Amino acid sequence: MSTTETAIASAEAHSAHNYHPLPVVVASAEGAWMTDVEGRRYLDMLAGYSALNFGHGNRRLIDAAKAQLDRVTLTSRAFYHDRFAEFCTELAALCGMETVLPMNTGAEAVETAVKTARKWGYRVKGVPDGMAKIIVASDNFHGRTTTIVSFSTDPEARADFGPYTPGFEIVPYGDLTAMREAMTENTVAVLIEPIQGEAGVLVPPAGYLPGVRELTRERNVLFIADEIQSGLGRTGKTFALDHEGVVPDMYVLGKALGGGVVPVSAVVSSADVLGVFRPGEHGSTFGGNPLACAVALEVVAMLRTGEYQQRAAELGDHLHRELGLLTGGGAVEAVRGRGLWAGVDIAPALGTGREISEKLMEEGVLVKDTHGSTIRIAPPLVISKEDLDWGLDRLRTVLSAR
Ligand SMILES: Cc1ncc(COP(=O)(O)O)c(C=O)c1O
């Protein structure tokens, strides 16, 4: 057996099979490139589902982490630490908000948003106890906890994990009329992804997001934007909602906030909304720890220059132009997305998304499939134009060779 085969067999023997990874075993990575245990190099066109927006081993982020490792890494929230205030202040400023509640993973931040909205509903809006409802969209992906899968429409994510948490109404994504009809006086929030990542990088129809903003404002309902995957530069702006000039009541952030170094997530909102919490009502041992704050502070500083957003916009235009050319030839049925983020529907006759991903891997490019014949392309924002073109060439090769 090769080193790769041995490593995979061992991993499969000793880990739960809750993932079906591509058969590559990464040993090191830098920028947009990963190297496997046998020394083969791959262009990373997935970037940890946007967790690696700033690339692998980003010097600024690694230096920030190393400096913090030598000072203090964890205090728990039982004490203050000297990176906490700066992190909260800077992240709130980036979001144009006032208050930050830090957690670790995306799912925890979504759970936090759900708890915040319910508590706000009871304490501020005056919804009768136990009656709060949150409207979500079909084909959503917000994480894997029992409450979050309760409002998933994906049988794979949901089946066998009941009983499910009540209090959620599911309406078709992009359908404002359905959302309006689902709203009652007990609706406390709308929770949506401004672009649905897992569903295949679905961009909603023009006017939908401003419509959600208007409707939620009119009905005294919180607009919660899950920008865990779409936010922090990926689409060519700081937030995907910026493209529509929409400001939500609450951002839910994760992935790139930790710079690909440590898990960092957060809910960012107004002092009024996050002000509903009292000591003891919510928290996390690791949420807002010094190491996380040090890295995330650097992430925020990098985003405040606007440089990464601009890069994603420029390279994204190029990516979409090139992918658009493929749609004429029959191999690609549709391309969606914004910035350096694309969902590419491959003609089913050419293979499943998984098969195309495996072929691309053989060509030295790593992407990931989602649902059927769709592949997702989301390289680190630091990718060079030459490398992006090289990856696109490999995609053309794979599509024409089949
Ligand atoms: C939009 C969105 N929300 C939430 C999550 C969950 O994040 P995590 O895997 O860090 O729990 C994800 C992860 O893919 C996501 O894309």
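The basis for the numbers below is simple: all heavy atoms, side chains too, and nothing from hydrogens, waters or symmetry mates. Ligands are counted one by one from 1 in listed order, and the atoms in each one are counted from 1 as well. Fair warning: this is a prediction, and the values are worked out from it, not measured in the lab.
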Between the side chains of His318 and Asp389, does any donor sit under 3.5 Å from an acceptor?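 Indeed, the side chains of His318 and Asp389 share at least one donor-acceptor pair under 3.5 Å.
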Quick check on contacts: which atoms of ligand 1 are under 4.0 angstrom from a heavy atom of [X]?
{"X": "Asp226", "result": "1 (C), 2 (C), 3 (N), 4 (C)"}
{"X": "Ala107", "result": "6 (C), 7 (O), 8 (P), 11 (O)"}
{"X": "His142", "result": "3 (N), 4 (C), 5 (C), 6 (C)"}

Check for me whether Glu227 has a heavy atom closer than 4.0 Å to any atom of ligand 1.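 For ligand 1, residue contact (heavy atoms, under 4.0 Å) with Glu227 is absent.
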Applying a strict 4.0 Å limit to heavy atoms, is Tyr49 in contact with ligand 1?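 No, that is not the case, since the closest heavy atom of the residue is not under 4.0 Å from the ligand.
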Would you say atom 9 (O) of ligand 1 has a protein heavy atom nearer than 4.0 Å?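 Answer no: nothing from the protein, no heavy atom, is under 4.0 Å.
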How about Val276 and Glu281: do any of their side-chain heavy atoms sit closer than 4.5 Å?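 The answer is no; the side chains never approach within 4.5 Å.
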Are the side chains of Leu319 and Trp341 in touch, meaning some heavy atoms are under 4.5 Å apart?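 Leu319 does not reach Trp341 side chain to side chain.
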So Phe54 and Tyr308, would you call those rings parallel, tilted or perpendicular, with 30° and 60° as cut-offs?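 Because their plane-to-plane angle is over 60°, the rings of Phe54 and Tyr308 count as perpendicular.
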Would Arg376 and Tyr49 count as a cation-pi pair here, with the cationic atom under 6.0 angstrom from the ring centre and within 45° of the axis?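 No; the conditions do not both hold, so Arg376 does not lie above the ring face of Tyr49.
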So does Arg123 have more than 12 non-hydrogen atoms from other groups sitting under 6.0 Å from CZ?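 At most 12 heavy atoms, drawn from other residues, nucleotides or ligands, come within 6.0 Å of this atom.
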Take atom CD of Glu38 as the centre, draw a 6.0 Å sphere, and report whether it contains more than 12 heavy atoms from other residues, nucleotides or ligands.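 Counting other residues, nucleotides and ligands, CD of Glu38 exceeds 12 neighbours.
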Just need the protein heavy atom nearest to [atom], so name the residue and atom and give the distance.
{"atom": "atom 13 (C) of ligand 1", "value": "Lys255 NZ, 2.9 Å"}
{"atom": "atom 16 (O) of ligand 1", "value": "Gln229 NE2, 2.7 Å"}
{"atom": "atom 7 (O) of ligand 1", "value": "Gly106 CA, 3.3 Å"}

